[in-house]
Amino acid sequence: MASCSPKTRSTTNLPSASNQGKKEEKQTEVIKEKPKEKPEMVISLLLPFELNVINYKVAKKQDLTKAELAIDFYQGYKMALDSVAKVYGGKFKLQVYDAKDNVSSVGNLANKAGVKNSDLIIGPVFPSGIKAFSEYSKAMNKLTVSPLAATSSETFNNPNLISINNSIEQHVAKAVDFIQSNLKPKKIVLIRSGQEGEYKYAVPFKKAVSGLAKPITLSEIGIKAVGYENVFKSLSPVGLNVIVLPSTDRNFLLSITKELDKLTGNFQIAVIGHPDWERMNFLDGYIMQNINAYITSSYKIDYKTSRVDDFVKSYRNKFQLEPGEFAFKGFDVGYFLGKLMAEKGKDYADFLTKEEYKGLHNNIHLKRDLQYGYSNKELLVLKYADFQLKRVY
C-alpha cells in the first residue's frame, strides 16, 4: 500500500570543480517516516483495598485478607504493564481505585470521570460488586474484566464482561469431556454427601452426561441412604468405574476416599473430584494416587520453569515479598490484555478472541457470547501423582 511505502525524492548533484562537464547524476534519497506514536491506554483497577474500614495498627490477619488480595493483584498487574511497555513499547495510564468490597460504592466509582474515560476496567473482583457494576458497564459500553470470580457469566448478563476464571459449568464440561475421551469408563457413579452446595456441580454434570452422543451408564447414590459399606453394590465388576464426588465436605471426603481405597483391590476405579479439592490439604496423597483421583483446574503454577523463576525473583527484588497466588493472576491478566493494547491500540477489543496466552498461572483463550460477554475456555485436568498434582489433559 502506498501509505506504508517509504517516501522518496529525487536530488541532483551540482557540478564541482572536479566533475565539471560531466552529466548531472540523479540519486534517490530514502526519507524514513517516523513510527506512528502509540496511543496512551487508560486502565482503571477497582480493587478492595478497604482503606476506609481497616485500622492497620490493630487489624488482625482475617481483616487484612481482602486488602492483601488487592495489593498482591495490583503489584503483579503493574509488573506486567511495565514488562509490556519495555518489550512492546506500550503506553499506559494506570488508575487505581478502592472498590471497598461495597455494592453501594460501585455507583460512585462508575461516575468518576477517570473510570468513564477508561479504555479498560479491571474489577470489581467479587460477584456482588461485579453484578452491581455491570449495569454501569453496559451503559458506558466499557469492557470490564472479572479477574477472580468463578461465577457463571450468565449471572451478570453483561456483553462487555471479560471473565478470566472458569465457572463451575465449564469445569463440569471439561470433566465430562475428559471422562468420555480419555477414561472411557464402563460406568459412572455419582455419590452425593448431602452437602447443601454440591448440587451446583451435580446437576450440570448429570445434564452433560445425558447429552453425550455415545451414552455412558450413570448411577447416582446418596451416602446417607446406602452407607459407605454398600458403595461397592453400585460398581460394575468389569471395566472402569468413574466415581464422581461433587462434595467438598471434609468428613465425607475422608471417609469415602478410604472406602474407595479398599475397593481398588476388586474394582477398577478412577475418581473425578470438585475443583476446590486443590486447596484441601487434608486429603491423603497416597490414597488419592491409589484411587486414581483427578480434578479440573483453572490454573497451575510450575515453579520449575524459567519464566516463573524469573517472575518470583523480580517480585522479591521489587517488593521484598514472596508473590502470592493473586500476584500471578494479576500478572497474567495484565500481560495478556496489555500486550493486545500495545500492539492493537484502541482497536484491541477486536482481537480478544484471536489471541492465545500461555501464562505463569493460567492460560487465556477467550470466546465471545453476544449476550454474556467473553469467557476463558482454557482449563486443565490434573492428576494426583508422585504426591503432587500433575497436568494430564
Side-chain angles (χ1 to χ4, degrees), residues 41-51 54 61 64-88 90-101 118-126 129-130 143-150 162-166 278-279 297-342 348 352 355-366 374 376 378 380:
M41 305 300 291
V42 181
I43 303 170
S44 290
L45 286 181
L46 314 182
L47 300 174
F49 294 99
E50 298 193 312
L51 300 177
I54 295 177
K61 183 175 176 60
L64 298 174
T65 300
K66 290 177 182 176
E68 288 177 346
L69 176 159
I71 293 168
D72 222 21
F73 186 91
Y74 162 72
Q75 292 177 163
Y77 192 94
K78 182 65 166 60
M79 283 183 65
L81 289 192
D82 291 343
S83 297
V84 170
K86 183 177 180 180
V87 176
Y88 299 97
K91 293 176 65 178
F92 303 102
K93 179 182 179 181
L94 183 61
Q95 306 174 141
V96 184
Y97 298 92
D98 185 1
K100 300 172 184 170
D101 189 28
S118 299
D119 295 295
L120 178 68
I121 301 168
I122 311 290
V125 300
F126 299 115
I130 298 166
L143 282 174
T144 304
V145 178
S146 167
L148 306 180
I162 302 172
S163 299
I164 301 297
N165 249 5
N166 305 102
E278 190 162 7
R279 302 176 185 274
S297 179
S298 297
Y299 60 90
K300 177 67 176 163
I301 302 173
D302 186 353
Y303 285 93
K304 295 178 181 179
T305 64
S306 59
R307 289 179 65 215
V308 170
D309 186 56
D310 289 344
F311 173 76
V312 171
K313 288 177 180 176
S314 296
Y315 194 94
R316 287 173 184 163
N317 184 58
K318 193 173 183 67
F319 304 111
Q320 288 73 54
L321 294 168
E322 289 295 315
E325 175 187 343
F326 298 107
F328 284 96
K329 287 179 184 289
F331 185 89
D332 281 340
V333 172
Y335 205 95
F336 168 67
L337 293 167
K339 179 175 178 287
L340 268 181
M341 288 178 155
Y348 78 95
L352 284 171
E355 186 82 0
E356 293 187 43
Y357 172 73
K358 302 299 182 184
L360 304 177
H361 179 271
N362 64 320
N363 300 331
I364 303 174
H365 188 194
L366 300 177
Y374 301 84
N376 184 15
E378 288 287 333
L380 312 174

(Q) Between Y348 (side chain only) and D119 (backbone N and O only), is there a donor and an acceptor less than 3.5 Å apart? (A) yes

T144 versus I162: any side-chain heavy-atom pair under 4.5 Å? no

Are a donor atom and an acceptor atom from the side chains of S298 and N362 found within less than 3.5 Å of each other?
no

Between P147 and V333 the two heavy atoms that sit nearest each other are CB-CG2, 4.4 Å

In short, G129 meets P124 closest at the heavy-atom pair O-CG, 3.6 Å

Please determine whether side-chain contact (heavy atoms from CB on, under 4.5 Å) holds for the pair D72 and Y315, giving the CA-CA distance in whole Å, both sets of side-chain angles, and the decisive distance to 0.1 Å.
CA-CA 10 Å; D72 222 21; Y315 194 94; 2.7 Å; yes

Task: Pairwise side-chain contact, I364 with E356, heavy-atom cut-off 4.5 Å (strictly under) - done: no

Side chain to side chain donor-acceptor pair (under 3.5 Å) pairs touching residues 79-88, sequence neighbours excluded, are K78-D82

### Query
For the ring pair Y77 and F331, is the centre-to-centre distance below 6.0 Å?
no

For K358, the side-chain contact (heavy atoms from CB on, under 4.5 Å) test, sequence neighbours excluded, returns N363, E378

Could you tell me if K329 sits above the aromatic ring of F73, with its cationic atom closer than 6.0 Å to the ring centre and no more than 45 degrees from the axis? no

(request) For K93 and M41, run side-chain contact (heavy atoms from CB on, under 4.5 Å): C-alpha distance rounded to whole Å, both residues' side-chain angles, the deciding distance at 0.1 Å, then the answer. (result) CA-CA 6 Å; K93 179 182 179 181; M41 305 300 291; over 6 Å; no

CD (Q95) and CD1 (I122) are apart, to the nearest 0.5 Å, by 12.5 Å

Any side-chain heavy-atom pair from V125 and S146 closer than 4.5 angstrom? no

*Say whether, by atom type as modelled, one donor and one acceptor occur between the side chain of N165 and the main chain of L148 under 3.5 angstrom.*
yes

Quiz prompt | Residue pair V84, F92: steps toward the side-chain contact (heavy atoms from CB on, under 4.5 Å) verdict | solution = CA-CA 10 Å; V84 170; F92 303 102; 3.8 Å; yes

*Exceeds 12 heavy-atom contacts within 6.0 angstrom, atom NZ of K300*: yes

Open item on the list: Could you check whether any side-chain heavy atom of I121 comes within less than 4.5 Å of a side-chain heavy atom of V145, counting everything from C-beta outward?
Closed with: no

*Going through the distances and angles, do Y357 and K339 end up as a side-chain contact (heavy atoms from CB on, under 4.5 Å)?*
CA-CA 10 Å; Y357 172 73; K339 179 175 178 287; over 6 Å; no

CG of L94 to CD1 of I43, rounded to nearest 0.5 Å, is 6.0 Å

Heavy-atom closest pair (D302 atom, T305 atom, distance to 0.1 Å) is O-OG1, 3.0 Å

- Item | Min side-chain heavy-atom separation I71-F326 under 4.5 Å | no

Check your understanding: Would you say the side chain of Y299 lies within less than 4.5 Å of the side chain of E325, judging by non-hydrogen atoms?
Key -> yes

Minimal heavy-atom distance between L352 and L337, with the atoms involved, is CD2-CD2, 3.7 Å

Aromatic rings F328 and Y303: how do their planes relate, parallel, tilted or perpendicular, breaks at 30° and 60°? perpendicular

dist F336:CZ -> H365:NE2 (nearest 0.5 Å) comes out at 8.5 Å

Taken to the nearest 0.5 Å, the spacing of S163 OG from I130 CD1 works out to 7.0 Å

Sequence neighbours excluded, the answer for side-chain contact (heavy atoms from CB on, under 4.5 Å) partners of D310 is none

Shortest non-hydrogen pair, G90 vs A342, comes out as CA-CB, 3.7 Å

Can you tell me if D332 uses its side chain to pair, donor with acceptor, with the backbone of G359 under 3.5 Å? no

Interatomic distance, OG@S118 vs CG@L45, rounded to 0.5 Å, equals 9.5 Å

- Query: For the ring pair F49 and Y97, is the centre-to-centre distance below 6.0 Å?
  - Reply: no

In this structure, CG of L47 is separated from NZ of K100 (nearest 0.5 Å) by 13.5 Å

